[in-house]
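Structure, as structure tokens:
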Amino acid sequence: IPLSVVLTGAFNFGLNLCVMLGFVLVTGIAPAVSWLELLPLVALLVVLAGAVSMLLAVLYVPFRDMAPIWEVATQLLFWGTPIIYVIETAPESVRELLMLNPLAAIIEQARHAVIDPSAPTAGAAAGGDVRLLIPLAIIAAVLVASLLLYRRAASTLAERL
């Protein structure tokens with residue numbers, strides 16, 4: 001069930017991307033080869049979203065009273081991800097910390113590849129390409145943890161709900 005929600009979102013994103021590509025072509029913007037970089041970035045985003053959704057599906061049952069804390073956490077995640085602001089506006093002391101967020105690394109690299117080639121890459125914003133291994137490790141850790149917890153708890157989730 002959690003993966004069906006993620007795949008539905010990915011399907012909607014793909015349809016919206018096709019419509020957006022149509023608008024781009026009609027307005028005369030020439031597609032760039034760097035736009036292909038969006039494919040692995042979206043794949044990483046789908047893996048992260050799937051892992052988080054499986055993890056939250058398992059953790060919601062015993063911790064359903066934690067909704068107010070989750071609301072604060074999602075606000076922190078939203079403002080900690082450079083979506084409505086560019087990473088260059090963040091103070092340098094905070095920039096590398098923000099780029100430890102896997103969503104921030106994906107968004108920043110997508111911004112560089114699709115919107116503004118003069119914007120820093122995710123590696124440059126993180127303080128070096130090697131530092132991008134930390135967000136990748138976070139994605140891998142969340143994926144492994146969610147798979148292990150979901151396999152262990154999936155058979156009893158409906159009964160405990």
Side-chain angles (χ1 to χ4, degrees), residues 1-20 35-87 90-91 93-115 120-161:
I1 293 175
L3 292 180
S4 69
V5 173
V6 173
L7 292 176
T8 300
F11 181 71
N12 285 334
F13 177 73
L15 288 176
N16 289 329
L17 202 58
C18 290
V19 170
M20 188 58 117
W35 292 7
L36 293 175
E37 203 172 326
L38 199 58
L39 295 174
L41 292 172
V42 169
L44 270 175
L45 189 60
V46 167
V47 167
L48 179 62
V52 168
S53 67
M54 284 192 305
L55 192 64
L56 291 177
V58 172
L59 295 178
Y60 175 77
V61 175
F63 299 112
R64 67 183 80 146
D65 295 336
M66 305 291 274
I69 294 174
W70 178 246
E71 290 174 17
V72 171
T74 55
Q75 283 293 313
L76 287 172
L77 186 62
F78 175 76
W79 292 108
T81 304
I83 295 174
I84 60 171
Y85 62 91
V86 291
I87 196 71
S93 59
V94 179
R95 194 176 301 166
E96 291 180 6
L97 180 64
L98 288 174
M99 291 304 293
L100 296 177
N101 174 358
L103 290 174
I106 292 169
I107 296 296
E108 190 60 32
Q109 190 60 35
R111 178 177 286 131
H112 171 76
V114 177
I115 298 173
T121 64
D129 290 337
V130 174
R131 291 188 61 118
L132 289 179
L133 293 175
I134 296 170
L136 283 175
I138 291 171
I139 292 172
V142 170
L143 179 63
V144 168
S146 66
L147 287 173
L148 291 174
L149 281 173
Y150 195 80
R151 273 194 191 147
R152 195 176 110 214
S155 62
T156 62
L157 279 179
E159 296 159 0
R160 291 189 298 157
L161 193 60

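None of the values given here were measured: they were computed from a predicted structure. Worth knowing before you read on, the calculation uses all heavy atoms, side chains too, and leaves out hydrogens, waters and symmetry mates.
Pairing each heavy atom of M54 with each of L147, the nearest pair is CE-CD2, 3.5 Å. Pairing each heavy atom of A153 with each of V58, the nearest pair is CB-CG1, 3.8 Å. Looking at every heavy atom in both residues, G80 comes nearest to A104 through O-CB, 4.2 Å. Contact detail for A57 and Y150: the closest heavy-atom pair is CB-CE1, 4.3 Å. Between I106 and L41, the shortest heavy-atom distance links the atoms CG2-O, 3.8 Å. Looking at every heavy atom in both residues, T121 comes nearest to Q109 through CB-OE1, 3.5 Å.
Atom CD of E108 and atom OG1 of T81 lie 11.0 Å apart (nearest 0.5 Å). One distance of note links CD1 of I84 with CD1 of I107; it measures 12.0 Å at 0.5 Å rounding.
Within 6.0 Å of CZ in F11 there are 12 or fewer heavy atoms belonging to other residues, nucleotides or ligands. The number of heavy atoms from other shown groups lying within 6.0 Å of CH2 (W79) does not exceed 12.
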As a quick check of understanding, evaluate side-chain contact (heavy atoms from CB on, under 4.5 Å) for L17 and L38, giving each step before the final call. CA-CA 11 Å; L17 202 58; L38 199 58; 4.1 Å; yes
Between L100 and R131, does a side-chain contact (heavy atoms from CB on, under 4.5 Å) hold up when you go through it step by step? CA-CA 8 Å; L100 296 177; R131 291 188 61 118; 3.9 Å; yes
Side-chain polar contacts of residues 44-51 - donor-acceptor pairs under 3.5 angstrom, sequence neighbours left out - could you list them?
none

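Two residues are said to be in side-chain contact when any heavy atoms from C-beta on lie closer than 4.5 Å; P135 and M99 fail this criterion. P120 has its side chain within reach of I87: a pair of non-hydrogen atoms, C-beta onward, lies under 4.5 Å apart.
Across L149, L148, L143, a single residue satisfies side chain to side chain contact (heavy atoms under 4.5 Å, CB included) together with L55, and that is L149.
Not counting sequence neighbours, S146 has no partner by the side chain to side chain donor-acceptor pair (under 3.5 Å) test.
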